[in-house]
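Protein chains get the first letters and strands the later ones, always in sequence-line order, with residue 1 at the start of each.
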Amino acid sequence: MSDIDYRLIVDPDELPALAGELRAEPVIAIDTETTGLDPYRSRLRLLQLATPGKIRIIDCFRVGREHFEPLRAVLSSPKPVKIAHNARFDGRFLCCHLGIRLDGIFDTYLASLLLSAGSEVDRHGLEPVVQRYLGRPLSKEAQLSDWSGELSRAQLDYAARDAAILLPLYEVLRDRLDEMDLLVAADLEFDCIMPVASIELAGVHLDIARWREQIARNREAHERVERELHQDLSAGASQMSLFGAPEPINLDSPAQVREALTRLGIELDDTREGRLHSLAGQYPVIARLLEHRHLAKCLSSFGENILEFINPVTGRIHPDYRQIGSPTGRLTSSSPSLQQIPHTPEYRSCFSAPAGRKLIIADYSQIEMRILAEFSRDEALLTALDGGADLHRQTAARMFGLQVNQITDRQRESAKGLNYGLIYGMGAEGLAARLDVSVVEARGLIERYFEAYPRVARWLEDAGEEAVQVGRARTASGRLWIFRLDPTDPAQQATLRRLGRNAPIQGTSSDLFKRAITLLDEALGGRDAFIVNSIHDELVVEAAEAVAGDIAPIVSRTMISAAREFLPCVPVEVDLIVADHW
DNA sequence: TAGAATCGCCAC
DNA sequence: AAACGTGGCGATTCTA
């Protein structure tokens, strides 16, 4: 494939002229080749810059960081538009190795994800995206080749082609986004790319000694419970081996546990927590089993494995974020997932501020209820959310026609169950199970709830019905989820109703949260403070001790103004603390 | 024997 | 206490 017209730049003196040419372009495509995936442990080898006429490949082994100054303005200003496929990756390397922060990004990867609108079958690597939107094959063979040595003609061809293909791809994707009314959602995503890359680069600090202590305590408890359980369970084991001790059952195997329980006369379809929980009071062995499960889960998911993610260069943990991690647009983090650390002090407090620094922890209060209030414009719900008393207590007061101070804990729990459950499209059966009441009682509670919040009832009904009718839903930013379910199948129709209620709410929560990340990243620019974690409705900022007090109000103000862009009618509150530990 | 599927459970 | 939305991940078990 030598038909690609590109030039390899090894002479730093060429960069000023190149920068001049690029500045005049409306759009340029960019790509990088690196010696590995981790910007802290690998090197930037090539930077490819493509315009309709020309492709330039800069060999970053030959052109040192200090020579990139002329390109800085081109790459770090909104114009020209920079097209990249998964710009978060390239952005991290440019940030780390050249000190340049990309701006004006059009990301063909995120564009493809938005256009697929939640499809589980579409793939979004450059190769399948080029195939899908341009109808041409693209070989990615050289991607995993060794980029640290002498480069072959084939490698350079590959590098050039990867960048060049982005130009026609951009044209098509931009038109498709426009046709599908996804340009607003796309801009929201594109603006958020570098802020998310910054969160990854910042990483979190972990108090290793404290974490190890927690593991040790867990291990001890785990072994004790394991011994007790083997005794409990062997009592029912009749098939004692003729040749000695019976084979101990594997407590991590649900199948073996179920068999053992059957021998004790406890028959179950499965052994999930919800099922076991109601039996825990009756059978001590079940309570112990649940305790064992919890300890085993914590040891395997939140044990030594987390320590392996500490980066040897920074000494911190840098998770990977997927910017569109779910069809609703939520961010997800992995390797490790810092979004599912148990919400208990033993675990969370291990994520601490390093010496001389503070953590600012801020989360939106009842954000999904506020979104529901915005969508439904239910006056009673809007009032209940307007400062003052606890939402669930107020909800109960309205449901039962009582004063807020007359509400019992049980009534508050019922109201809380409804406030949370209805957002997820829960029905009477689900509520009955959750509150441990009969289905008839649950129906009555739902009826009272809908009388308290009539426009909420109306909105939920309409949203469910619309999902059945049109098979799709949008969020406030216009993000689209096409459900791809069969509305004539009763089970799938029920799912459609639930999704139709939940998707706009959860998705709008993602929208405004991403906006908050973008605005906050900008507001913190130039200060010794940066976002280190994001958990769906909560942001953690790490700041120098001396400035934390000044930064805290900026965090809450910025989060509130981001939410206001999407929720003009409903009051928004942010709970914030400044602390040494998460 | 490695990858897929399943179960189970952590988060919001 | 658990069937009601979104994920990631670990251990076991199945399968090609």
Side-chain angles (χ1 to χ4, degrees), chain A residues 118 120 249-258 268-281 286 289-290 292-306 309 319-322 324-344 347-348 363-364 366-368 372 410 413-414 416-437 439 442 446 460 463-464 467 473 475 481 483 491 494-507 509-510 513 533-539 582:
Chain A
E120 286 167 3
I249 76 154
N250 183 350
L251 294 170
D252 292 328
S253 161
Q256 290 183 36
V257 167
R258 200 184 132 212
L268 294 165
D269 293 335
D270 62 70
T271 65
R272 276 175 289 184
E273 187 183 355
R275 200 176 286 280
L276 293 181
H277 219 286
S278 57
L279 297 169
I286 302 265
L289 185 59
L290 287 170
H292 181 268
R293 285 254 177 91
H294 174 74
L295 293 164
K297 166 75 179 173
C298 288
L299 277 174
S300 65
S301 297
F302 313 111
E304 296 282 346
N305 57 331
I306 298 291
F309 287 106
D320 293 324
Y321 281 86
R322 285 173 61 198
I324 301 179
S326 80
T328 57
R330 273 191 174 184
L331 290 167
T332 60
S333 90
S334 58
S335 311
S337 169
L338 294 182
Q339 294 176 327
Q340 50 189 99
I341 302 296
H343 202 13
T344 55
Y347 289 98
R348 295 223 166 172
D363 69 287
Y364 284 114
Q366 305 284 8
I367 192 65
E368 295 191 329
L372 181 58
R410 190 166 170 75
E413 280 308 299
S414 299
K416 185 178 169 186
L418 281 152
N419 278 333
Y420 280 116
L422 291 173
I423 286 172
Y424 297 144
M426 185 174 63
E429 293 77 9
L431 183 69
R434 186 191 167 113
L435 297 178
D436 198 18
V437 298
V439 175
I446 292 175
L460 289 170
T475 67
W481 184 359
F483 297 130
T495 303
L496 275 169
R497 286 185 195 279
R498 283 197 295 274
L499 290 172
R501 294 168 173 207
N502 179 255
I505 297 174
Q506 193 185 114
S509 173
S510 313
F513 191 69
N533 203 354
S534 90
I535 315 98
H536 307 310
D537 63 357
E538 173 183 356
L539 283 172
W582 186 23

Answer with base, sugar-phosphate or nothing: what part of the nucleic acid does Gln256(A) contact at a heavy-atom distance below 4.0 Å?
-> sugar-phosphate

Indicate yes or no: at least one non-hydrogen side-chain atom of Arg293(A) is less than 4.5 angstrom from one of Thr271(A).
-> yes

Looking just at side-chain N and O atoms, do Trp582(A) and Glu538(A) make a donor-acceptor pair shorter than 3.5 Å?
-> yes

Results of ring pair (Phe, Tyr, Trp, His ring centres under 6.0 Å) for Tyr321(A) - residues two or more places apart only = none

For every nucleotide of nucleotides 2-12 of chain B, 5' to 3': is a protein heavy atom under 4.0 Å from its base (B), only from its sugar-phosphate (S), or from neither (-)?
-> -----SBBBSB

Please tabulate, one pair per line, all N/O donor-acceptor pairs under 3.5 Å involving side-chain atoms of residues 417-434 of chain A, not counting sequence neighbours.
residue   : atom : partner   : partner atom : Å
Asn419(A) : OD1  : Tyr449(A) : OH           : 2.7
Asn419(A) : ND2  : His392(A) : ND1          : 3.1
Asn419(A) : ND2  : Thr395(A) : OG1          : 3.2

Output all residues satisfying side-chain contact (heavy atoms from CB on, under 4.5 Å) with Arg410(A), sequence neighbours left out; order by chain, then residue number.
-> Thr408(A), Val437(A)

By ring pair (Phe, Tyr, Trp, His ring centres under 6.0 Å), His294(A) pairs with (sequence neighbours left out) none

Gly427(A) or Ser333(A): which one's nearest nucleotide on DNA chain C is closer to the 5' end?
-> Gly427(A)

Select base, sugar-phosphate, or nothing to describe what Ser510(A) touches, counting heavy atoms under 4.0 Å on all strands.
-> nothing

Answer with base, sugar-phosphate or nothing: what part of the nucleic acid does Arg498(A) contact at a heavy-atom distance below 4.0 Å?
-> sugar-phosphate

Using a 4.0 Å heavy-atom cut-off across all strands, classify Gly421(A) as base, sugar-phosphate, or nothing.
-> base

With sugar-phosphate meaning primed atoms plus P, OP1 and OP2, does Asp252(A) contact a base, only sugar-phosphate, or nothing at under 4.0 Å between heavy atoms?
-> sugar-phosphate

Mind checking ring pair (Phe, Tyr, Trp, His ring centres under 6.0 Å) for Phe302(A) and listing every partner two or more places apart, or none if nothing turns up?
-> none

Where chain A begins and ends its contact with DNA chain C, read 5' to 3' at 4.0 Å from heavy atoms = dA1(C) to dT13(C)

Taking for each residue the nucleotide of DNA chain C with the nearest heavy atom, is it Leu431(A) or Phe309(A) whose nucleotide lies nearer the 5' end?
-> Leu431(A)

Assign Leu499(A) to base, sugar-phosphate, or nothing according to its heavy-atom contacts below 4.0 angstrom with the strands shown.
-> sugar-phosphate

Qualifying salt bridge (Lys or Arg N to Asp or Glu O under 4.0 Å) pairs, either residue in residues 294-306 of chain A, two or more places apart | Arg212(A)-Glu304(A), Arg219(A)-Glu304(A)

By side chain to side chain donor-acceptor pair (under 3.5 Å), which residues pair with Ser333(A), not counting sequence neighbours?
-> none

